[in-house]
S.K.: 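So that we are looking at the same thing, I have put the structure below in structure tokens.
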Amino acid sequence: MDITFLLKIAAIGLIVAVLYQVLARSGREEYAMLTALTGIIVILAMLLPNVLELLNSVESIFNI
């Protein structure tokens, strides 16, 4: 995992946080929650290949 990947995750988190605050303060709590949920799903989708790579490494190290 390189630094650009971490910066992408941080940028998505920052954008989602700003959108959440703007939507929540304007009385659109439903959309704010959907924005937060979408941000979490996007970040998890980005992390999934790295998690699978980690699991494959653990399997190869311990000969599972």
Side-chain angles (χ1 to χ4, degrees):
M1 197 176 339
D2 57 345
I3 190 71
T4 58
F5 185 72
L6 295 175
L7 289 175
K8 286 179 186 178
I9 291 175
I12 291 171
L14 185 63
I15 291 168
V16 167
V18 169
L19 284 173
Y20 183 87
Q21 289 296 321
V22 168
L23 289 170
R25 291 189 190 261
S26 66
R28 309 245 185 218
E29 286 83 15
E30 308 88 26
Y31 292 120
M33 186 59 64
L34 285 174
T35 302
L37 184 61
T38 303
I40 291 170
I41 290 171
V42 168
I43 290 174
L44 287 177
M46 289 173 61
L47 286 174
L48 189 61
N50 291 333
V51 171
L52 293 176
E53 182 181 334
L54 174 65
L55 291 176
N56 288 334
S57 297
V58 169
E59 281 182 357
S60 67
I61 290 172
F62 293 112
N63 295 323
I64 296 175

S.K.: If the condition is side-chain contact (heavy atoms from CB on, under 4.5 Å), which residues does Val51 pass it with, not counting sequence neighbours?
M.R.: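 Result, side-chain contact (heavy atoms from CB on, under 4.5 Å) vs Val51: Leu55.
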S.K.: In a table with atom names and distances, give each donor-acceptor pair under 3.5 Å that connects a side chain of residues 7-21 to protein atoms at least two apart or in another chain.
M.R.:
none

S.K.: Over all heavy atoms of both residues, which pair between Phe5 and Leu47 is shortest? Give the atoms and the distance, please.
M.R.: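 Minimum heavy-atom separation between Phe5 and Leu47: CE2-CD2, 3.6 Å.
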S.K.: Can you name the closest pair of heavy atoms from Ala24 and Ala32 and give their distance?
M.R.: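 Scanning both residues, the minimum pair turns out to be N-CB, 4.0 Å.
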S.K.: For Ser26, check side-chain hydrogen bond (donor to acceptor under 3.5 Å, both in side chains) against everything at least two apart and list the hits.
M.R.: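 Result, side-chain hydrogen bond (donor to acceptor under 3.5 Å, both in side chains) vs Ser26: none returned.
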S.K.: Do Ile61 and Leu54 share a hydrophobic cluster, counting only Ile, Leu, Val, Met, Phe, Trp and Tyr and linking them when any side-chain heavy atoms are less than 4.5 Å apart?
M.R.: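 Same cluster.
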S.K.: Return the OG1 to CZ distance between Thr35 and Arg28, rounded to the nearest 0.5 Å.
M.R.: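 It is 11.5 Å, given to the nearest 0.5 Å.
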S.K.: Counting only heavy atoms not in Met46, do more than 12 sit closer than 6.0 Å to its CE atom?
M.R.: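 Yes, because the 6.0 Å sphere around CE of Met46 holds more than 12 heavy atoms from other groups.
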